[in-house]
*Asks:* 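Handing you a structure now.
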Amino acid sequence: MKAVIFLLALIPLDRLIWLGFTDGLGANPIEFITRSTGTWALVFLCLTLSMTPLRLITHSTVWIRYRRMLGLFSFFYACLHFGIWLWLDQNFDLIDMLKDVVKRPFITMGFTSLVLLTPLALTSNHWAQRKLGRSWSKLHYLVYVIACTAILHYWWHKASKNDLDTVSIYAVILLVLLCFRIPYIRNRLLSRGS
Amino acid sequence: QKLIATPNLAFSTKEETTGYQHVTTYNNFYEFGTDKADPAANAGSLQTRPWTVSIEGLVKKPVTLDIDALLKLAPMEERVYRMRCVEGWSMVIPWDGYALSKLLNYVQPLGSAKFVEFISLADRKQMPGLKSQVIQWPYREGLRLDEAMNPLTLLTFGLYGEVLPNQNGAPVRIVVPWKYGFKSAKSLVTIRLTEEMPKISWSQFDSREYGFYSNVNPLVDHPRWSQATERRIGNVKGIFAPKIKTQMFNGYADQVASMYAGMDLKKFN
């Protein structure tokens, strides 16, 4: 099952490569790739955050097995998203990049999301989990912060055009997923099963 | 449908033109949707005949002209202009039209006229994008009278020797090559000469981002990105080609800079 999910999660990347070779990326290929990888990073973030609600609703822990892989794919697409921006928008000029990060709130939020995702990706293995013990779960609460910074990144990017339909949908989905973490709701769902 | 036009080499860049395919499928025309692909997909519903444009306000001879009369008002020229979008991309497009000054001289502006307002069609039946309140409809743009009279300002009916595809602002639009693309209003129905500076759609939305003048200026950043460089659509060097440097007034400083002498272009962006 994990292998199937792994292959499915690579389809967005395969698609971009395929479109790249068949001249299918449209008039502004860089924008297309940047937006596509950004969107998929967000989709995988939503999927990652859906595993706990699914566990609470179905009373099955099977979902938790896939959480790490989904989270890592979110990080993977976020890295592609960031890498393309750094290469083709900033021309690998780190000074220019940091200037943009400080100056422009939507980039600040995008960059923050990636920086916060990094320790989560690095500590996603069993070894780190054992080593960190209880602090591991505390560290991984950062994903709730990332949900907020990621959506702000997208929101402020779209705000200039008042074009908030799509980003609103993601915001609502993330909000609902985060609501499952409220102790009252969580406990009610847990007790319903026992 | 072909449009016969004589090349005006004095007003044309020799840069590689952006392919017809890109020019006609990557558009900002919010009346047909906010995605770049939306106008090409949705603008088929736009009826460009019959079509009239009224030129009104502070002019000696206000007139409503049928599109066919407008087409014959002056000889058609082809001009290859750079087009720089405020979003950071650019194209090189062969437009067909004639100087807006020809039309303005025809209606004879009064001495009190200081500005020219352009109003685009806003018809819910033909334009599905009007359902969303992205900006206030109808789309309104404007120029100072001297900007409108500048020989570069083109009243445009075609591109690549054909009548304008609907998604590019058929049947008649304005092209102001030294300003960001949104200043070049599409599908015009009214041209009004006024004494007061017109309220334009985008600066009503957020004047910090979109000022009345909006001259292409690499030194004045957009709040969310630098305007120092731009990505040329369909760059012949391939999709991973680096961005190119944005030029002051989009490379038209010789023809237009004198109009802004003494103005702080950071303030009047």
Side-chain angles (χ1 to χ4, degrees), chain A residues 16-37 39 80 83-93 95-111 152-169, chain B residues 18-28 30 33-41 83 85-91 93 129 131-136 167 182 201-202 204-206 208-210 221-226 228-235 237-245:
Chain A
L16 287 177
I17 294 169
W18 169 254
L19 288 173
F21 279 112
T22 54
D23 209 15
L25 294 172
N28 196 343
I30 305 308
E31 181 189 73
F32 188 100
I33 297 170
T34 311
R35 293 195 175 170
S36 172
T37 47
T39 302
L80 288 178
I84 293 199
W85 173 75
L86 182 61
W87 173 23
L88 292 156
D89 268 305
Q90 305 292 323
N91 212 6
F92 288 122
D93 189 328
I95 304 292
D96 264 12
M97 181 204 85
L98 286 174
K99 269 196 228 156
D100 255 13
V101 167
V102 176
K103 206 167 157 188
R104 305 179 204 286
F106 95 96
I107 295 180
T108 316
M109 285 303 138
F111 190 72
L152 275 177
H153 168 59
Y154 194 4
W155 192 281
W156 286 342
H157 175 66
K158 287 291 179 190
S160 67
K161 294 205 153 188
N162 213 1
D163 182 15
L164 298 169
D165 292 358
T166 315
V167 62
S168 307
I169 295 170
Chain B
T18 306
Y20 180 87
Q21 179 68 17
H22 291 334
V23 173
T24 56
T25 56
Y26 191 76
N27 306 103
N28 279 322
Y30 283 10
T34 52
D35 191 86
K36 296 282 188 302
D38 286 343
M83 207 279 293
C85 178
V86 71
E87 297 166 342
W89 51 269
S90 63
M91 297 184 178
I93 306 172
K131 283 197 289 279
S132 86
Q133 288 296 318
V134 185
I135 48 174
Q136 279 183 33
Q167 63 268 33
F182 69 87
S201 293
W202 277 120
Q204 271 184 302
F205 171 63
D206 187 346
R208 200 170 56 105
E209 294 190 13
Y210 307 98
D221 283 356
H222 184 275
R224 254 162 297 97
W225 56 83
S226 155
T229 58
E230 65 200 48
R231 179 162 292 126
R232 184 58 58 79
I233 299 297
N235 192 321
K237 289 179 192 138
I239 72 166
F240 297 117
K243 293 178 154 189
I244 59 177
K245 282 205 158 59

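The sequence lines fix the lettering, A, B, ..., with proteins before strands; numbering per chain opens at 1.
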*Asks:* Excluding sequence neighbours, so at least two apart, what forms side-chain hydrogen bond (donor to acceptor under 3.5 Å, both in side chains) with B:Glu230?
*Replies:*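 Only B:Arg84, B:Ser90, B:Thr246 meet the side-chain hydrogen bond (donor to acceptor under 3.5 Å, both in side chains) criterion with B:Glu230.
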*Asks:* Does any N or O in the side chain of B:Trp225 come within less than 3.5 Å of the main-chain N or O of B:Val86, such that one atom is a donor and the other an acceptor?
*Replies:* yes
*Asks:* Are more than 12 heavy atoms, taken from residues, nucleotides or ligands other than A:Phe92, located less than 6.0 Å from that residue's CZ atom?
*Replies:*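 Yes.
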*Asks:* Quick check on A:Ile17: does its CD1 atom have over 12 non-hydrogen neighbours (other residues, nucleotides or ligands) under 6.0 Å away?
*Replies:*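 Yes.
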*Asks:* With a 4.5 angstrom heavy-atom cut-off, could you sort out which part of B:Glu87 is near chain A: side chain, backbone, both or neither?
*Replies:*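 B:Glu87 touches chain A through side-chain heavy atoms alone.
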*Asks:* Counting heavy-atom pairs under 4.5 Å to chain A, which of B:Arg231, B:Gln21, B:His22 comes out on top?
*Replies:* B:Arg231
*Asks:* Check for a donor-acceptor pair, side chain of A:Arg104 on one end and backbone N or O of B:His222 on the other, with a separation under 3.5 Å.
*Replies:* yes
*Asks:* Out of B:Thr25, B:Thr34, B:Thr229, which one racks up the most heavy-atom pairs below 4.5 Å with chain A?
*Replies:* B:Thr34
*Asks:* Looking at side-chain heavy atoms only, is the closest gap between B:Tyr26 and B:Met91 below 4.5 Å?
*Replies:* yes
*Asks:* Who wins among A:Leu88, A:Ile33, A:Asp100 for the most heavy-atom pairs under 4.5 Å with chain B?
*Replies:*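 Heavy-atom pair counts peak at A:Leu88.
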*Asks:* Name the region of B:Asp221, side chain, backbone, both or neither, that has any atom closer than 4.5 Å to a heavy atom of chain A.
*Replies:*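 Just the side chain, heavy atoms under 4.5 Å.
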*Asks:* Less than 4.5 Å to any heavy atom of chain A: does that hold for the side chain of B:Asp35, its backbone, both, or neither?
*Replies:* neither
*Asks:* With a 4.5 angstrom heavy-atom cut-off, could you sort out which part of A:Asp89 is near chain B: side chain, backbone, both or neither?
*Replies:* both
*Asks:* Is chain B contacted by the side chain of A:Ile84, its backbone, both, or neither, given a heavy-atom distance below 4.5 Å?
*Replies:* neither
*Asks:* Between A:Asp96 and A:Asn91, is a side-chain contact (heavy atoms from CB on, under 4.5 Å) present by the stated rule, with each step listed?
*Replies:* CA-CA 9 Å; A:Asp96 264 12; A:Asn91 212 6; over 6 Å; no
*Asks:* Which answer fits B:Ser226, side chain, backbone, both or neither, if we ask what part of it has an atom under 4.5 Å from a heavy atom of chain A?
*Replies:*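 Interface part for B:Ser226: both.
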